[in-house]
Amino acid sequence: VARRLSLRKHPECHSMAGGKAIEHLAQTGNQELLTFRLPMRQYRNCDFSFSGLQNLVNNAIVQKEKEEGIQEGEILSCVKDIAAAVQHAVAVHIIQRTYRAMLFCIKNSILPSTHATLVVSGGVASNQYIRKVLQNLADANDFALLCPPPRLCTDNGVMIAWNGIERFRAGLGVLHSAAGIRYEPR
């Protein structure tokens, strides 16, 4: 979405990564000026998908470009509102699917009855708006929410290393010898 909105050309966002630019602009945008249908509403599972949302957003951008008489690659006057609406739709989709997964785990005794924890990492965990709604979800369901510091949420390699450190500390699934491990580089 940030690429399609040409946010690298936006004066406030030229040096920001796409997700950070969306979050920054969304802070002063009006999420209610545009409403995007949530992805996968017909599926009662815990899967995430954003491709349908991306298509809806792209269509809305094309429509706004026509309305404003600008070419693709130029900055829309409503760019902050689009950013806010997209961020909100993504957050709601994540919340709905995560809540469904939490209920599934509770119902099937996959999680302990007390002190359950929701861990969120990766790029999505660096977005403060999404963190806040996930914190509200966790609080409402007596879960602890654990997120690494935002500076560690930009590279999945860092998240994998963090997971490895935590597993090593806990003694879970750690091999003490590399002998016999086979791999095929691609």
Side-chain angles (χ1 to χ4, degrees), residues 1-43 46-101 118-139 145-163:
V1 172
R3 190 176 309 120
R4 181 59 182 84
L5 288 171
S6 301
L7 295 186
R8 290 259 183 219
K9 296 179 182 178
H10 194 283
E12 295 177 32
C13 305
H14 62 88
S15 64
M16 294 180 187
K20 186 67 177 169
I22 293 287
E23 180 181 9
H24 173 76
L25 294 175
Q27 291 174 352
T28 53
N30 184 347
Q31 70 189 30
E32 296 174 6
L33 289 183
L34 287 148
T35 303
F36 295 111
R37 191 177 71 244
L38 296 177
M40 303 178 63
R41 291 181 309 164
Q42 70 274 25
Y43 299 109
C46 302
D47 297 342
F48 296 99
S49 176
F50 298 96
S51 59
L53 179 59
Q54 183 176 351
N55 289 335
L56 292 172
V57 172
N58 190 49
N59 292 340
I61 292 169
V62 168
Q63 181 63 37
K64 292 293 183 184
E65 288 169 342
K66 286 180 186 175
E67 289 173 12
E68 293 188 15
I70 66 171
Q71 298 293 315
E72 181 177 331
E74 296 179 52
I75 304 297
L76 288 164
S77 66
C78 60
V79 69
K80 292 181 178 187
D81 301 329
I82 293 172
V86 168
Q87 178 178 256
H88 180 71
V90 167
V92 171
H93 181 57
I94 290 170
I95 295 307
Q96 287 180 346
R97 296 300 167 143
T98 302
Y99 181 55
R100 188 173 286 147
L118 174 62
V119 177
V120 180
S121 63
V124 71
S126 66
N127 182 294
Q128 295 304 307
Y129 181 82
I130 293 174
R131 271 191 193 221
K132 183 178 178 182
V133 295
L134 284 168
Q135 185 66 64
N136 291 342
L137 176 68
D139 291 345
L145 176 68
L146 291 180
C147 298
R151 66 183 168 75
L152 299 178
C153 294
T154 58
D155 183 345
N156 282 336
V158 173
M159 292 296 95
I160 291 167
W162 179 55
N163 178 285

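Of the possible donor and acceptor atoms, none in the side chain of Asp81 sits under 3.5 Å from a partner among the backbone N and O of Gly29.
Listed by first and then second residue, the ring-ring contact (aromatic ring centres under 6.0 Å, His included) pairs involving residues 54-84 amount to none (not counting sequence neighbours).
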Requested in this report: Before giving the answer on side chain to side chain donor-acceptor pair (under 3.5 Å), spell out for Asn59 and Gln63 the whole-Å C-alpha distance, their side-chain angles and the decisive distance to 0.1 Å.
Outcome: CA-CA 6 Å; Asn59 292 340; Gln63 181 63 37; over 6 Å; no
**Report entry** Criterion side-chain contact (heavy atoms from CB on, under 4.5 Å) on Leu5 and Leu76, from CA distance to verdict
**Finding:** CA-CA 8 Å; Leu5 288 171; Leu76 288 164; 4.2 Å; yes
Query raised in the report: Could you go step by step and tell me if Cys78 and Leu33 meet the side-chain contact (heavy atoms from CB on, under 4.5 Å) rule?
Result: CA-CA 9 Å; Cys78 60; Leu33 289 183; over 6 Å; no
Requested in this report: Verify side-chain contact (heavy atoms from CB on, under 4.5 Å) between Val120 and Arg131, making sure each step is shown before the conclusion.
Outcome: CA-CA 8 Å; Val120 180; Arg131 271 191 193 221; over 6 Å; no
Requested in this report: List the steps and the verdict of side-chain contact (heavy atoms from CB on, under 4.5 Å) for Glu72 and Val62.
Outcome: CA-CA 8 Å; Glu72 181 177 331; Val62 168; over 6 Å; no
For residues 16-24, tabulate all N or O donor-acceptor pairs below 3.5 Å that involve a side-chain atom, not counting sequence neighbours.
{"from": "Glu23", "atom 1": "OE2", "to": "Gln128", "atom 2": "N", "distance (Å)": "2.7"}
{"from": "His24", "atom 1": "NE2", "to": "Glu12", "atom 2": "OE1", "distance (Å)": "2.8"}

Would you give me the side-chain donor-acceptor pairs under 3.5 Å for residues 84-97, sequence neighbours excluded?
{"from": "Gln87", "atom 1": "OE1", "to": "Asn127", "atom 2": "ND2", "distance (Å)": "2.8"}
{"from": "His88", "atom 1": "ND1", "to": "Gln31", "atom 2": "NE2", "distance (Å)": "3.4"}
{"from": "His88", "atom 1": "ND1", "to": "Tyr129", "atom 2": "OH", "distance (Å)": "2.7"}
{"from": "His93", "atom 1": "NE2", "to": "Ser49", "atom 2": "N", "distance (Å)": "3.2"}
{"from": "His93", "atom 1": "NE2", "to": "Ser49", "atom 2": "O", "distance (Å)": "3.3"}
{"from": "Arg97", "atom 1": "NH1", "to": "Tyr43", "atom 2": "O", "distance (Å)": "3.4"}
{"from": "Arg97", "atom 1": "NH1", "to": "Asn45", "atom 2": "O", "distance (Å)": "2.8"}
{"from": "Arg97", "atom 1": "NH1", "to": "Asn45", "atom 2": "OD1", "distance (Å)": "2.6"}
{"from": "Arg97", "atom 1": "NH1", "to": "Asp47", "atom 2": "O", "distance (Å)": "3.3"}
{"from": "Arg97", "atom 1": "NH2", "to": "Met40", "atom 2": "O", "distance (Å)": "2.4"}
{"from": "Arg97", "atom 1": "NH2", "to": "Tyr43", "atom 2": "O", "distance (Å)": "3.2"}

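Residues forming a side chain to side chain donor-acceptor pair (under 3.5 Å) with Glu74 (at least two apart in sequence, or on another chain): none. In this structure Ser15 satisfies the side chain to side chain donor-acceptor pair (under 3.5 Å) test with no other residue, sequence neighbours excluded. Partners of Gln54 by side chain to side chain donor-acceptor pair (under 3.5 Å), not counting sequence neighbours: none found.
When all heavy atoms are compared, the tightest approach of Leu53 to Phe36 is CD1-CB, 3.5 Å. For Lys80 against Leu25, the heavy-atom pair with the smallest separation is CB-O, 3.6 Å.
Going from atom CD1 of Ile61 over to atom CZ of Arg4 covers 5.5 Å, rounded to the nearest 0.5 Å. In this structure, CD1 in Ile130 is found 13.0 Å from CG in Leu137, a value given to the nearest 0.5 Å. How far CD of Glu67 is from CD of Glu65: 10.5 Å, rounded to the nearest 0.5 Å.
Annotation: side chain of Leu7 is in contact with side chain of Val79 (closest heavy-atom distance under 4.5 Å). Residues Cys13 and Arg8 are not in side-chain contact: their nearest non-hydrogen atoms beyond the backbone lie 4.5 Å or more apart.
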